Structures are given as C-alpha cells and as structure tokens.
Q: 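I have a structure here, written as structure tokens, and I will follow up with some questions on it.
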Amino acid sequence: MCGIVGAVGHDRCGPVLLDALKRLEYRGYDSSGIVTLHEGQIDLRRAVGKLVNLETALADQALPGSIGIGHTRWATHGGVSEDNAHPHVASDRVSIVHNGIIENHRTIRARLESAGHKFASDTDSEVLAHLFVEAFDAGLDAVAATQKILAEIEGAYAFAAMATDYPEQLIVARNASPLAVGIGEGACYIGSDAIALAHLTRKVIYLKDHDFALISADHVAVYQADGTPANREAVIVAASPGMVDKGGYRHFMEKEIYEQPDAIAHSLAAMTDADGQLTATMSTEDLRAITGIVMLAAGTSHYATQIARYWIETLAKVPVVCEVASEYRYRHPVTSAYSTALAISQSGESLDTLMAMRHAASSGLHTIGLVNVPGSTIARETDFVLPTRAGPEIGVASTKAFTAQLTVLLSFAVALAKAKGSIDAERAAQIHQQIQSLPGLVGRALTLFDPIRPIAHALSQARSALYLGRGTLYPLALEGALKLKELSYIHAEGFASGEMKHGPIALIEEGLPVVALLAADEVMAKASSNLREAAARGGQIILITEERAVHEVDFADAVITVPNVDSLLAPILLAVPAQILAYLTAVEKGTDVDQPRNLAKSVTVE
Ligand code: M6R
C-alpha cells in the first residue's frame, strides 16, 4: 500500500503535490518522490525515509511544471531504496506511480526485458512505465494503450502515468485500490483518497473498479476497461479537516488517547435517535432480519469484533463468527448460516476487509460497514453504515478508533437485542445509561499516565511479555499485546488465561512480565487462579483492573486500577491503561511512536 497523487493545470505543481503527499503519509512512509513534466523534460526527485527528506530535496532543487505525479511508499516488492522509490521513469518518456501489487509482474518483466527494456528497480510497479512505452512505440493512443495494459496486468492497482507523448494529461486507472479524481478551478488532481485533495477541492469523482481515465486541466474522460466511455458523477465530499496537528501533545497517539472521551461521546450520539433511543441507524425491521452475523476485520478492528461477539450473543442471542479478513474468502466459507456481514475498519480502506466484504456480498449476505472515515470505499459500498465519530486517527497504532468501535458495537448489540425482543426496553435503557457514563469513566482513566510511567520503564527492559484475559478481556489481551509489539518492538503474546495451562505456561520464567486484565465479572475467580499459576512460576504480574477487583490478585507485582464499571463496559475502560502502558513503554524505548517501523496506517494490499 502506498499513497499516490497527481496534478494537471496547477502552475505550482511541485509544492501542491508535496502537500497532498503529506496528507497520505499514513499510507506508507519509507520513501517518496515527485516527478513533473516541464518543456518536454521529465524531472524527478526521490528520497528514502520520511517525507521531510523529499521536502529537503525539493527545497534544494524545486520542480518546475504544471503537470506531475507523486508517491509515498510502503515497500512490498523490492527493498527500501531510492531506486525502488516511485515515481518510476522508463525511457525518459513515461513516468508512473502505483499503489497495489501487479501480481503477474515477473512474466511481464521477462517479456519486456527480452524485448530490450532496461529496468532500474526491483519493484512490480515499474512494468507499468515500460508497458506504456511499448504501447506508444506500437502506435497506440492513450486510450488504446491503457486498455491494452489493463487487459494484461493482474492484481490490485491504482496508478497514474504521465508521458511526454501526452504532456497535458494524466492517465489513471484503478482496480481494488482506491482512487479519487478532484475537479478544481482550471486544474484537476488525483489522490488515493479525497483527504489528500482537501486543500485543493471538495468536488470529487470516485472511479469504479476497472475504470481508467484521461485527465487534463479542464476535462476528465472516464472509460471502462474495454474502452467504453463511462459516466461517473462528481460528488461534493464533506469538508475534511485534512491535516491535523498534535495540538501540543508529544505524539499523535498521546493526543488520540486523550481524545477518547469525545470520540466515545460523539460515536454514541451517532447511534442515538432524536428520542434518545439506541437505533444503530437501522430500522427495527432491518435489525429483525439479522439472523446471523459474520464479522470481517483486521488487526485492532478484528479484536473489536471478538469483544462484540460476546455482547451480541449474550444480549441479542444472534450467532456471530469473527473472521480474520485476509483469510475469509480464501477458505471458501459456507455462508448460509448468516444473513449479514459486518465489516469493521477504521480507515474503511483495508483491502483485506474490503475484499472479504465483497465476497460476503457476492454470496448474498447483507453488508454493514462500521467505519471511521466517511466516504471511504467500505462506507460507499456497504448496504448500511454504522459510523464511529472518532475524528481523524493519525497515529499508526489504533486507540480512539478502537474504543469508539467498541462503543458503537455495544450500542448495536443493545439495539439488535431490543429489536429481537431478547431484552426489554427497561434493560436496554439501563445499558444505554451505563454506556453514557463511559466518557466520564475514560476521562478518569486518563489520569493514569503518571502511575503507569514507572511500570512502563520496567517493561521497556523486557524482551518479551504475556497478556492474559478471560471473557471479553481475552480479545483485549490480544489487543494489548499488539499495541506493545507494534509500538515498542517487544515480543508480546496475548492468551486466554484459561488456555495457559494447555501449553503457553511453559513460556513463563523468572521475571517474565505478565500483563493481567481482570474485571469483577463471572470469570474473575477463575481468571485470578490462572494468574496465581503464572505468578507461582516466576511471572511478574502487572495487574490492570477495576478498584473492586484488586483484592483478588493480592500477589501482583504492580497494579493499575480504573474506576469500577459494569462488566459489559469493562473491555472499553480497561483498554485505556493498556494503551497508555504500550505508549509509555515505546516512549521509554525511544521508538517512532506515531510511525513505527515497517507499518502504515492504511493497508491497501493483500
Ligand atoms: O483501518 P483498519 O481498521 O481496517 O485497520 C486494520 C489494521 O490494519 C489496524 O487496526 C492495525 O492493526 C493497527 N496498526 C493496530 O494498531
């Protein structure tokens, strides 16, 4: 996954493209580049590392021209190097930027190399530039050339090409990877999403899969893959905050942890109708039609689905299965037991989740998309949207989006249970009232930074850690371990506490940190016995719990407490200290908190 941008008709193309790339850095940040076309010459700047390095290169040597394309990369094929950074140029004639994977690139490259094409990178993407040169050499015009190339390439892509043969237009195409075309005043733009273009225009055309387009300063001509002209309406996208700043915090992640009371309150408001009832934004009839749910998500969003399964099955008595999105369609699932697919994604762009959702839809399931980014691909393609209103999440590690997802999922479980008659209006109102107390409770948990600091200092010395939980706190243990490993690079594993004795307990040795998540719920006594077994073998217990449960684990080495909370809400509240622990451990270790190594905020490759 990567971010691509382009502009045609803007006389300050270089700076405009750099600004657009800054808005896409969440998609990848290991190298970047911009190329413009000026007086028939292709002019290229690329830099390894964060965008600031490209900015420096451009400050040293500005790029002239009113047409150009740019890219921020998350390496898939070929290591991180300037040669592998995009844009790629072939024969000083065609330049391309690409997001996605050209799956049959080896075959195409071999064919082109044997025809004399010289490649400069190890990427799959470079074949696109050479394919355009080949097609133009064969006398094809831009439409015919693109049509031919789309017929040959396989895989997911959004790409833009700029050619000296067509100095006043960009050629773009998409399949599975997102692409937005922005219509400005006397100029047009392209970006991997509309946020990239928010400083330039709100008028956007979203290309459909297999579309391609020729874009000039004052015209956008869209075609289907077979060359048939296509009519794609422009839409006005919601005003986007575009680039947000750290607001005085040291990291976006710290800011986003602090934003959780608002994120939860706004998300809850989105699930509540004018009469103050939880509606899940769906009619009672639509909710009643749900007889089984397959949840599709990745990473932190997947752990949110695993927590929600407990709520939906307990309250609404509707069967739920949670699927890792990247596995779903490849195991040829039997879908007849489910009426509905619920795809959960902060970005609304994770390709694994999108493809899983499409697979479910093509199998006849209704789709619900729970997304944080309005207008994202999943939001546009799904039958119903459940919105989280967490606001832009910039830190690569998901925090406020996770607790907002959980808030919406619990509200959805209550609305579904009420519609199904498995809980009465009184019980629904009681749970709703408890959910409304969450912003305040989470606000109180935010005072834990100082008490957690010394615990994080000790944890930062560890090479490995375990996270344990039972019930809804088991998926939270998985999420806590993910936060620690992705931020601090400390190896961490989450387990169901009761599963320890079936094997993982062999990992415990003197001094191994064991982060224990505990609530005063129906499994507390059993969970605490499991922790005693870990402590007896030398595990250093770091207990994260509510005040009334502390006494259950009087053998803990360190204790972090949150206010008492109804057990339904416990995974939401206990997530906060787990996030703070991972954040402060990473700060202690001096890692790149907002942009950890090898990661990207939005993963748009399979
Ligand atoms: O945007 P999505 O919710 O679809 O993203 C899913 C995962 O890529 C994401 O949650 C990832 O695991 C985060 N780095 C976790 O902090």
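Both ligands and their constituent atoms are indexed starting at 1 by order of listing. Everything numeric here is computed off the predicted structure, so don't read it as measured data.
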Q: Under a 3.5 Å cutoff, is there a donor and acceptor pairing between the side chains of T72 and E25?
A: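 The answer is no; no qualifying pair exists.
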
Q: Hey, what polar pairs (N/O, under 3.5 Å) does ligand 1 make with protein?
A:
{"unit_1": "ligand 1", "atom_1": "1 (O)", "unit_2": "S345", "atom_2": "OG", "d": "3.4"}
{"unit_1": "ligand 1", "atom_1": "1 (O)", "unit_2": "Q346", "atom_2": "N", "d": "3.4"}
{"unit_1": "ligand 1", "atom_1": "1 (O)", "unit_2": "S347", "atom_2": "N", "d": "2.9"}
{"unit_1": "ligand 1", "atom_1": "1 (O)", "unit_2": "S347", "atom_2": "OG", "d": "2.7"}
{"unit_1": "ligand 1", "atom_1": "3 (O)", "unit_2": "S301", "atom_2": "OG", "d": "2.6"}
{"unit_1": "ligand 1", "atom_1": "3 (O)", "unit_2": "Q346", "atom_2": "N", "d": "2.7"}
{"unit_1": "ligand 1", "atom_1": "4 (O)", "unit_2": "S345", "atom_2": "OG", "d": "2.6"}
{"unit_1": "ligand 1", "atom_1": "4 (O)", "unit_2": "S350", "atom_2": "OG", "d": "2.5"}
{"unit_1": "ligand 1", "atom_1": "5 (O)", "unit_2": "S350", "atom_2": "OG", "d": "3.4"}
{"unit_1": "ligand 1", "atom_1": "10 (O)", "unit_2": "T300", "atom_2": "N", "d": "3.1"}
{"unit_1": "ligand 1", "atom_1": "12 (O)", "unit_2": "T300", "atom_2": "N", "d": "3.4"}
{"unit_1": "ligand 1", "atom_1": "14 (N)", "unit_2": "V396", "atom_2": "O", "d": "3.2"}
{"unit_1": "ligand 1", "atom_1": "14 (N)", "unit_2": "E486", "atom_2": "OE1", "d": "2.8"}
{"unit_1": "ligand 1", "atom_1": "16 (O)", "unit_2": "T300", "atom_2": "OG1", "d": "3.3"}
{"unit_1": "ligand 1", "atom_1": "16 (O)", "unit_2": "S398", "atom_2": "N", "d": "2.8"}
{"unit_1": "ligand 1", "atom_1": "16 (O)", "unit_2": "K483", "atom_2": "NZ", "d": "3.0"}
{"unit_1": "ligand 1", "atom_1": "16 (O)", "unit_2": "E486", "atom_2": "OE1", "d": "3.4"}
{"unit_1": "ligand 1", "atom_1": "16 (O)", "unit_2": "E486", "atom_2": "OE2", "d": "2.5"}

Q: Report the residues that fulfil side chain to side chain donor-acceptor pair (under 3.5 Å) with D592, sequence neighbours left out, ordered by chain and then residue number.
A: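 Applying side chain to side chain donor-acceptor pair (under 3.5 Å) to D592 gives K50.
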
Q: Can you see whether Q579 engages Q260 through a side-chain donor-acceptor pair at a distance of less than 3.5 angstrom?
A: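 Yes, Q260 and Q579 have a side-chain donor paired with an acceptor closer than 3.5 Å.
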
Q: Partners of Y330 by side-chain contact (heavy atoms from CB on, under 4.5 Å), sequence neighbours excluded?
A: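 Expected list: E606.
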
Q: List for me each residue that meets salt bridge (charged side-chain N to carboxylate O under 4.0 Å, His left out) alongside R380, sequence neighbours excluded, and say none if there are none.
A: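 Here no residue qualifies.
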
Q: Could you tell me whether the side chains of E479 and T300 share a donor-acceptor contact shorter than 3.5 Å?
A: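 A donor-acceptor contact under 3.5 Å links the two side chains.
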
